[in-house]
Number of protein chains: 2
Amino acid sequence: MQNHLKKEIIHLDGIDSRLIELLYENARTPVTELSRAVGMTAPSVNERLKRLEEKGVIAGYRIEVNPTVLGYSLIAIVRMRPLPGKLKALEALIVSIPEFVECDKVTGEDCYIARLYLKDISDLDPILDRFSELADTNTAIVKSTPVKRRLLV
Amino acid sequence: MQNHLKKEIIHLDGIDSRLIELLYENARTPVTELSRAVGMTAPSVNERLKRLEEKGVIAGYRIEVNPTVLGYSLIAIVRMRPLPGKLKALEALIVSIPEFVECDKVTGEDCYIARLYLKDISDLDPILDRFSELADTNTAIVKSTPVKRRLLV
DNA sequence: CCTGAAATACTGATTCT
DNA sequence: AGAATCAGTATTTCAGG
C-alpha cells in the first residue's frame with residue numbers, strides 16, 4: 001500500500017495543461033476566452049480552475065514586475081557559508097533585506113544561495129559588509145539570463 | 001542633459017505600489033475590488049494598470065504552478081563551467097531541457113547557474129551525464145527555501 | 001459537463017478639476 | 001493629465017439537468 005499522506009501526485013489532462021499554459025501567458029485571461037480556446041463552456045472551465053486551485057496545482061495568480069524599470073539594473077547571485085554558530089543569524093539577516101528576492105538553503109559547501117537585486121554596483125559592498133561577521137560570501141553578477149523562469153513542461 | 005534612451009526610471013506613488021502589492025497576492029483580482037481597496041473608481045484604476053503595463057512595470061500576469069503537486073519533489077541548483085570551446089553548445093543544451101526552469105549566465109568561475117526540477121534523485125545523474133563533454137558541473141540540492149521569490153520593496 | 005439567467009464587472013465617451 | 005460618471009457590453013456565477 002502506498003503512502004497517501006501528503007504525497008498524492010496530480011496528473012493533468014490535455015485541457016488542464018492547455019489552461020495552465022494560457023494562464024501562464026496571461027493570468028488575467030477571462031474564463032470565457034479560455035473556454036473558447038479549449039472548446040468548452042465557461043462554467044466548465046471555471047470548475048476546472050477551482051479544482052486546480054484546490055488541489056494546489058495553481059498556487060496563485062501573480063504579476064511579474066520588471067525590476068529594471070524601477071531602477072534595479074543589476075542582479076547578483078550570492079552564495080554564503082555561515083561562520084561557526086552564525087547559521088540562524090545569517091538566515092534572519094538574508095530574510096530581512098528586501099533586495100534578496102529569493103534564497104535557497106542547499107546541501108554542500110555553500111549553505112545558502114540567494115538572488116540579490118541592486119540599483120547600482122556601488123550598493124553591493126554595503127550589503128555584503130553586513131554579512132562580514134556571519135558568513136563567507138561569494139558573489140557572481142548576472143550578465144544575461146538564457147532561461148527566464150519558465151513553466152515546467 | 002540626461003540620457004533618455006532606455007534608461008528612464010519609473011517612480012511609483014503609493015496607489016501604484018498598493019495596486020502592485022494587491023495584484024502580486026492575486027493577479028485576478030477584479031478592477032472593481034482593487035478600486036475599492038485604493039479608494040478610486042474602476043476606470044481610474046484601469047487607466048493606472050494600463051499605464052503600468054505600457055511603462056513596463058507590470059511585465060505580465062502569470063500563474064504560479066506548484067511543481068511538487070505534479071511530482072517534482074526535488075530542486076537542484078547546478079553551477080556549470082564550460083569546457084574549452086563548448087560554451088555555445090552548453091547553453092543550447094541547458095535551454096533545451098525543460099527541467100531547467102531558470103538559468104543565469106554570470107561572472108566568475110562558474111559561467112552558468114541553473115535551477116533544475118526533478119521528480120526523483122535518480123533523475124539527476126542521467127541529466128548531468130548529458131553535460132559530461134561540455135562542462136564541469138557542481139550540484140547542490142535545495143533543502144528549504146527561506147525566501148520564496150518575492151516582490152522587491 | 002452543459003444551458004440559461006441573474007449578478008457583477010469591464011470599456012468607452014464625455015465631463016470635470 | 002488624471003480622475004469621475006454613466007451607459008452599453010461582456011463576463012462571472014449560480015441554478016437545474
Side-chain angles (χ1 to χ4, degrees), chain A residues 4 8-72 151 153, chain B residues 1-66 69-71 151-153:
Chain A
H4 282 264
E8 193 192 352
I9 291 174
I10 310 295
H11 293 276
L12 306 180
D13 66 11
I15 288 178
D16 287 337
S17 301
R18 185 82 187 105
L19 291 174
I20 285 176
E21 264 178 44
L22 290 165
L23 287 170
Y24 192 75
E25 283 164 29
N26 178 9
R28 281 180 82 82
T29 309
V31 174
T32 47
E33 194 177 324
L34 297 175
S35 69
R36 266 175 253 132
V38 301
M40 264 186 192
T41 61
S44 305
V45 169
N46 222 334
E47 267 187 34
R48 275 176 180 264
L49 296 186
K50 289 287 168 303
R51 234 174 294 150
L52 289 169
E53 290 164 20
E54 277 161 20
K55 303 229 174 196
V57 178
I58 297 180
Y61 302 87
R62 311 256 177 263
I63 48 172
E64 183 187 333
V65 173
N66 182 349
T68 307
V69 177
L70 301 177
Y72 290 85
L151 211 47
V153 152
Chain B
M1 183 179 167
Q2 286 172 261
N3 179 8
H4 282 264
L5 305 174
K6 307 167 83 52
K7 279 293 173 197
E8 193 192 352
I9 291 173
I10 310 295
H11 294 276
L12 306 180
D13 66 12
I15 289 180
D16 286 337
S17 301
R18 185 83 187 103
L19 290 175
I20 285 176
E21 264 177 45
L22 290 165
L23 287 170
Y24 192 76
E25 283 163 29
N26 178 10
R28 282 180 80 83
T29 310
V31 175
T32 46
E33 196 177 324
L34 297 175
S35 68
R36 277 189 292 271
V38 302
M40 264 186 195
T41 61
S44 306
V45 169
N46 222 334
E47 266 188 37
R48 274 174 181 266
L49 296 186
K50 289 287 169 302
R51 257 179 314 223
L52 289 170
E53 290 165 19
E54 276 162 21
K55 302 225 179 201
V57 178
I58 297 180
Y61 302 88
R62 305 263 125 80
I63 47 173
E64 183 185 333
V65 172
N66 182 347
V69 177
L70 301 178
L151 259 192
L152 194 56
V153 150

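Given the structure is predicted, the values throughout are model-derived calculations rather than measurements. Only heavy atoms go into these numbers, but all of them, side chains included; no hydrogens, no water, no symmetry mates.
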* Could you work out which one of D:dA4, C:dC1, D:dT12 sits closest to the side chain of B:T41? => D:dA4
* Rounded to the Å, how far apart are A:E33 CD and D:dT11 P? -> 8 Å
* Does B:S44 put a side-chain nitrogen or oxygen below 4.0 Å from OP1 or OP2 of D:dA3? -> no
* At what distance, to the nearest 0.5 angstrom, does CD1 of A:I58 lie from CG of A:L52? -> 4.5 Å
* Please check the phosphate of C:dC1 (OP1 and OP2 only) for any side-chain N or O of A:R48 closer than 4.0 Å. => yes
* Asked: Between D:dA3 and B:R51, is there an OP1 or OP2 to side-chain N/O distance shorter than 4.0 Å?
  -> yes
* **Test side chain to side chain contact (heavy atoms under 4.5 Å, CB included) applied to B:L23 and A:R28, step by step** => CA-CA 10 Å; B:L23 287 170; A:R28 281 180 82 82; 3.6 Å; yes
* For A:L49 and C:dC1, what is the distance between atoms CG and C1' respectively, to the nearest whole Å? -> 14 Å
* d(CG, A:D16; C1', C:dC1) in whole Å -> 13 Å
* Structure fact -> note: B:R28, atom CZ; C:dA9, atom P; distance rounded to Å ~ 14 Å
* Asked: Thinking salt bridges, do A:E21 and A:R18 make one under a 4.0 Å N-O criterion?
  -> yes
* To do: Starting from P on C:dA9, measure out to CG on B:N26 and report it in whole angstrom.
  => 13 Å
* Nearest-nucleotide pick for B:V31, side chain only, options being D:dA4, D:dT13, C:dC10 -> C:dC10
* How do B:E47 and A:P30 order along DNA chain D: which one's closest nucleotide is nearer the 5' end? -> B:E47
* Please state whether the phosphate of D:dT13, meaning OP1 or OP2, lies under 4.0 angstrom from any side-chain nitrogen or oxygen of A:N46. => yes
* **Exam field: side chain B:R62 to backbone A:N26, donor-acceptor pair closer than 3.5 Å** => no
* Whole-Å distance separating the CZ atom of A:R36 from the C1' atom of C:dC2 -> 17 Å
* To do: Would you indicate what A:T32 reaches in the nucleic acid, counting non-hydrogen atoms under 4.0 angstrom: base, sugar-phosphate, or nothing?
  => base
* Salt bridge check: are B:K50 and B:E54 linked by an N-O gap of less than 4.0 Å? -> no
